[in-house]
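Residue numbers start at 1 and run along the sequence shown. Basis for what follows: all heavy atoms, side chains included, without hydrogens, waters or symmetry-related copies. Fair warning: this is a prediction, and the values are worked out from it, not measured in the lab.
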Amino acid sequence: MTAAPANSSTSARDLDAEFGDSDARKYAYAFDDLMKVFMMRSFKKYAPKGRALELGCFKGEFTRLLVEAFEDVTAVEGAPTLAAELEKRFAGQAKIHCGLFEDVELEGKFDAIFLMHTLEHCDDPHLVLSRIREWLTPEGQLFLACPNANAPSRQIAVKMGLISHNAAVTPAEAEHGHRCTYSLDTLQRDAIEAGLNVASSGGVFFKPLANFQIDKAKELGVIDDEFLEGCYKLGEVYPDLCATVYLVCTR
């Protein structure tokens, strides 16, 4: 496992602290793991074979899907505690680097790069996307996904007065390392400004409820797997109203 550099402009951030739960906000819900499965379903129709790179892994639920789909997987995680856990979990299955995307040095090029719910945590998204462009093979693809500012659950929160506007970064989100909240148009803007070509775009999972509400409703039996499948299929019709917006980008 490669150690994180000490001279990065973002090295002052405590990435181990950012992924922990707080009184204001739980970091991850059961719905988050479900979304990773839905995202992989959406990307399978595009994803090439070859070398895969994941940037930002949390506890490795998406990494698990990648090692099932690719024979050669590299992963970069900035939080040392998480990187150490990933090293143990995926020993012999994936090469794990602990470092910041702005600084980490990687060998060779990649056919598929996955940046899942991570760009919104970056201090310099343009720098990160520019580096990713250089890591792609000539025919390689970047799969870029972010939580959607325009998800119905978030728009409802605005109407309730819980947040000021769709793209707001709440204090709890900022505590967990969020630097911005993307919609499909602003995500496309940043990708294009970084020199990437947007080959395709879309959304994953129509989102009528907040994460904690979906978890609770599922626990109580108010909603079931068929309802969740319906939300996934409806998201293909209304990408701008999904939990996640995504781009498929090339060099």
Side-chain angles (χ1 to χ4, degrees), residues 1-2 4 15-16 18-21 26-101 104 106-108 110-122 128 132 135-136 140-147 176-177 202-205 207 211-212 214-215 218-219 225 228-229 231-232 235 242-248:
M1 183 172 67
T2 305
L15 299 183
D16 274 338
E18 288 181 9
F19 76 79
D21 290 339
K26 185 177 178 181
Y27 185 82
Y29 295 84
F31 176 70
D32 292 295
D33 288 341
L34 176 65
M35 276 299 299
K36 293 178 176 64
V37 175
F38 282 137
M39 285 191 286
M40 181 58 90
R41 276 180 61 181
S42 295
F43 297 152
K44 273 187 175 179
K45 59 187 175 185
Y46 303 107
K49 298 297 182 182
R51 299 187 72 208
L53 170 65
E54 182 185 16
L55 298 168
C57 311
F58 189 46
K59 295 187 177 180
E61 287 308 299
F62 197 81
T63 317
R64 176 181 61 82
L65 300 175
L66 289 180
V67 298
E68 292 174 358
F70 293 87
E71 292 184 2
D72 188 330
V73 176
T74 297
V76 179
E77 171 55 51
T81 297
L82 291 176
E85 292 176 1
L86 294 166
E87 181 78 7
K88 294 178 182 177
R89 181 176 180 181
F90 297 106
Q93 295 179 290
K95 296 178 283 292
I96 307 299
H97 296 262
C98 180
L100 301 174
F101 310 147
V104 68
L106 301 173
E107 293 184 2
F110 297 90
D111 302 289
I113 300 179
F114 296 86
L115 190 64
M116 304 286 100
H117 286 205
T118 302
L119 189 65
E120 67 276 6
H121 291 259
C122 295
V128 171
I132 289 172
W135 290 330
L136 285 169
Q141 294 174 310
L142 164 65
F143 298 87
L144 171 59
C146 291
H176 288 303
V204 182
F205 195 90
K207 191 166 186 272
N211 293 13
F212 77 92
I214 291 176
D215 278 6
K218 185 75 161 57
E219 177 187 334
D225 290 340
L228 297 173
E229 180 67 18
C231 287
Y232 173 75
C242 284
T244 291
V245 287
Y246 73 82
L247 307 178
V248 181

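Remark: K218 pairs with D225 by the side-chain hydrogen bond (donor to acceptor under 3.5 Å, both in side chains) rule, at least two apart or across chains. For the salt bridge (Lys or Arg N to Asp or Glu O under 4.0 Å) test, no residue two or more places apart in sequence or in another chain qualifies with E71. Among residues two or more places apart in sequence or in another chain, the side-chain hydrogen bond (donor to acceptor under 3.5 Å, both in side chains) test is passed with T118 by none. Annotation: side-chain hydrogen bond (donor to acceptor under 3.5 Å, both in side chains) contacts of Q141 (sequence neighbours excluded): none. Shown here are the side chain to side chain contact (heavy atoms under 4.5 Å, CB included) partners of V204, two or more places apart in sequence or in another chain: M35, F38, M39, S42, Y232, T244, Y246. Listed by chain and residue number, nothing satisfies the side chain to side chain contact (heavy atoms under 4.5 Å, CB included) test with E107 (two or more places apart in sequence, or in another chain).
Rounding to the nearest 0.5 angstrom, the gap separating the CD atom in E54 from the CG atom in L86 is 8.0 Å. The NE2 atom of H121 sits 10.0 Å away from the CG atom of L115 when rounded to the nearest 0.5 Å. Taken to the nearest 0.5 Å, the CD atom of E77 stands 9.0 Å off from the CZ atom of F58. In this structure, CG in L144 is found 5.0 Å from CG in L247, a value given to the nearest 0.5 Å. Between atom OG1 of residue T81 and atom NZ of residue K59 there is a gap of 10.5 Å, rounded to the nearest 0.5 Å. Put simply, CG on L55 and CD1 on I113 are 6.5 Å apart, with the number rounded to the nearest 0.5 Å.
No donor-acceptor distance shorter than 3.5 angstrom exists from the side chain of N211 to the backbone of F31, with no hydrogens or angles considered.
Contact of the L228 side chain with the I214 side chain is registered, since non-hydrogen atoms from C-beta on lie closer than 4.5 Å. A 4.5 Å side-chain heavy-atom check between R64 and R89 finds at least one atom pair inside the cut-off. Annotation: side chain of E120 is in contact with side chain of H117 (closest heavy-atom distance under 4.5 Å). Residues L65 and E61 have side chains not in contact (no heavy-atom distance under 4.5 Å, counting atoms from C-beta outward). Side-chain contact between F114 and F70 is present, with at least one heavy-atom pair separated by less than 4.5 Å.
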Query raised in the report: Can you list the steps and then say if D32 with K36 is a side chain to side chain contact (heavy atoms under 4.5 Å, CB included)?
Result: CA-CA 7 Å; D32 292 295; K36 293 178 176 64; 4.2 Å; yes
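When all heavy atoms are compared, the tightest approach of G50 to D111 is CA-OD2, 3.2 Å.
Partner F143 forms a ring-ring contact (aromatic ring centres under 6.0 Å, His included) with one of F110, F62, F43 and no other, that one being F43.
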